[in-house]
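Single-structure report; data block below.
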Amino acid sequence: MQLVTPGLVLREVKVGESDRILTILTPEHGLISASAKGSLRLKSKLFSACGLFCYSEFTLFAGKTMYVVDDAQVKQVFFGLPKSIEGMALAMYLAEIAQALLPSGHEAAAQLRLLLNSLYLISEQKKPLAQIKAVYELRAVCEAGYMPALLCCKSCQKYDGGDFYFDIGAGDLLCGDCAAAEGLAPNLDEGALIALRHIALVEDKKVFAFTLSQKSLDVLGRVTERYAAARLDKPLKTLDFLHSVLE
């Protein structure tokens with residue numbers, strides 16, 4: 001069986017001297033494992049198109065245990081990623097989130113768009129890395145079905161005004177007064193709350209279109225990181241590395 005599909009290489013594992021096993025995120029089939037035989041040879045037609053974070057058009061054949069890459073043509077390469085260890089670390093972290101979420105169907109297409117846009121912004125240095133990280137963390141888990149309840153305080157229905165508390169486990173809000181009544185300290189300032197709602201609810205093409213003070217961005221990032229981690233099945237190894245290079 002032949003499969004022709006665009007896809008983004010999220011992971012590559014060297015096998016022997018010249019082969020690679022790829023994990024590819026595709027818009028219709030979700031995650032695919034594929035053997036790219038001979039792709040590490042410099043003269044191989046697969047060398048560039050099968051590289052990490054390369055977005056390519058793949059021609060695949062079904063093998064006994066996984067697909068085999070027969071041909072691959074480059075669609076987009078994010079040349080700016082290797083120029084920054086911080087940017088590359090963030091890209092690796094986002095890719096691990098995508099793999100952990102195991103997207104399929106329409107969800108896979110949404111995850112692929114989000115990840116491609118994120119990699120472009122990292123590569124071209126269009127947005128702060130902390131903002132890209134926060135947007136991806138929240139939007140990715142929202143696309144996977146973990147949409148938080150961000151409309152208003154769950155107790156008194158207050159919409160805005162003052163700091164709020166975002167319950168990481170329940171995925172809902174308490175205003176400052178209701179949080180205090182339950183012995184909880186607010187963890188969102190006004191700017192971070194507005195950004196949280198924006199990321200979760202706005203249309204795809206506008207999801208990165210906001211600015212925040214550094215203080216509010218720090219607040220937002222702490223919340224989105226914890227919310228994403230709580231929705232994944234396992235801790236992500238790339239997160240520790242990302243923290244080590246950003247600190």
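Only this structure's heavy atoms are used, side chains among them; waters, hydrogens and symmetry mates stay out.
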I'd like to check the ring pair (Phe, Tyr, Trp, His ring centres under 6.0 Å) partners of F241; sequence neighbours left out, ordered by chain and number.
none
Just list the side-chain donor-acceptor pairs under 3.5 Å for residues 26-35, sequence neighbours left out, or say none.
residue	atom	partner	partner atom	Å
T26	OG1	H29	N	3.1
T26	OG1	G30	N	3.1
T26	OG1	G30	O	2.9

Does Y55 reach the side chain of P6, with side-chain heavy atoms less than 4.5 Å apart?
yes
Would you say that P148 contacts C142 through its side chain, given a criterion of any heavy-atom pair below 4.5 Å between the two side chains?
yes
Are Q131 and Y136 linked by a side-chain donor-acceptor pair shorter than 3.5 Å?
no
To the nearest 0.5 Å, atom CG of N117 lies from atom CD1 of I132 at 10.5 Å
Heavy-atom side-chain contact between E96 and L239 under 4.5 Å
no
Derivation of the side chain to side chain contact (heavy atoms under 4.5 Å, CB included) call for R231 and I168
CA-CA 10 Å; R231 268 72 200 163; I168 300 297; 4.3 Å; yes
Give the minimum heavy-atom separation between V69 and C50, together with the two atoms involved.
CG1-SG, 4.2 Å
According to side chain to side chain donor-acceptor pair (under 3.5 Å), does anything in residues 56-77 pair up with another residue at least two apart or in another chain? List the pairs.
D71-Q73
How would you list, by chain and number, every residue that makes a salt bridge (Lys or Arg N to Asp or Glu O under 4.0 Å) with E143, sequence neighbours excluded?
R139
Please check if L115 and L236 belong to a single hydrophobic cluster, counting links between Ile, Leu, Val, Met, Phe, Trp and Tyr side chain heavy atoms closer than 4.5 Å.
yes
R197 side chain to L150 main-chain N or O, any donor-acceptor pair under 3.5 Å?
yes
Measuring from K234:NZ to K237:NZ, what's the distance to the nearest 0.5 Å?
7.5 Å
Using a cut-off of 6.0 Å, state whether more than 12 heavy atoms not belonging to Q2 lie near its atom CD.
yes
Are more than 12 heavy atoms, taken from residues, nucleotides or ligands other than H243, located less than 6.0 Å from that residue's NE2 atom?
yes
Report whether L246 and L119 are members of the same hydrophobic cluster (ILVMFWY, side-chain heavy atoms less than 4.5 Å apart, transitive linking).
yes
NZ of K126 to CD of E124, rounded to nearest 0.5 Å, is 6.0 Å
Do the side chains of K133 and E225 get close enough for a salt bridge, i.e. N-O under 4.0 angstrom?
yes
Path from L52 to I21 over hydrophobic side-chain contacts below 4.5 Å:
no
Just verifying a value: how many Å separate D218 CG and S213 OG, rounded to the nearest 0.5 Å?
8.0 Å
Worked verdict on K14 versus D19 for side chain to side chain contact (heavy atoms under 4.5 Å, CB included):
CA-CA 6 Å; K14 182 180 178 182; D19 300 344; over 6 Å; no
Quick check: does any side chain N or O of S39 sit under 3.5 Å from a backbone N or O of A36, one acting as donor and the other as acceptor?
yes
Nearest non-hydrogen partners of A192 and D189, listed with the distance
N-OD1, 2.8 Å
Apply side chain to side chain contact (heavy atoms under 4.5 Å, CB included) to R222 and N187, showing your working.
CA-CA 9 Å; R222 286 192 290 269; N187 57 5; over 6 Å; no
Between the side chains of D204 and R113, is the shortest nitrogen-to-carboxylate-oxygen separation below 4.0 Å, so that they form an ion pair?
yes
Is there a donor-acceptor pair closer than 3.5 Å between any side-chain N or O of T224 and the backbone N or O of L220?
yes
Side-chain heavy-atom pair L94, L114 within 4.5 angstrom cut-off:
no
Let me see the working for L138 and L196 under side chain to side chain contact (heavy atoms under 4.5 Å, CB included), right down to the final yes or no.
CA-CA 8 Å; L138 180 60; L196 204 67; 3.6 Å; yes
Kindly give the heavy-atom pair with the smallest separation between G191 and L212, and that separation in Å.
O-CD2, 3.4 Å
Applying a strict under-4.5 Å side-chain criterion to I, L, V, M, F, W and Y, I'd like to know whether F78 and V74 cluster together.
no
Heavy-atom side-chain contact between L40 and R20 under 4.5 Å
yes
Measure the SG-CG distance between C178 and L173 for me, rounded to the nearest 0.5 Å.
11.0 Å
With a 3.5 Å cut-off and sequence neighbours excluded, list the donor-acceptor pairs that the side chains of residues 152-165 form with protein atoms.
residue	atom	partner	partner atom	Å
Q157	NE2	K154	O	3.4
K158	NZ	G161	O	3.0

Is there side-chain contact between I122 and L81, with heavy atoms separated by less than 4.5 Å?
yes
Count I, L, V, M, F, W, Y as connected when their side-chain heavy atoms are under 4.5 Å apart, and connections chain through other members. Are I194 and I199 then in the same cluster?
no
Nearest heavy-atom contact between D167 and G169 is OD1-N, 3.0 Å
Show the nearest heavy-atom pair for residues G171 and Y227, with the distance to one decimal.
CA-CE1, 4.0 Å
Answer yes or no: is there a side-chain heavy-atom contact under 4.5 Å between L116 and F53?
no
So CE of M92 and CG of L10: to nearest 0.5 Å the spacing works out to 12.0 Å
Say whether, by atom type as modelled, one donor and one acceptor occur between the side chain of Q125 and the main chain of L121 under 3.5 angstrom.
no
Please give the remaining members of the hydrophobic cluster of F61, linking ILVMFWY side chains under 4.5 Å, ordered by chain and number.
none
Student check: side-chain heavy atoms of I24 and F58 closer than 4.5 Å
yes
For the student: nearest non-hydrogen atoms of K127 and F210, plus distance
NZ-O, 3.8 Å
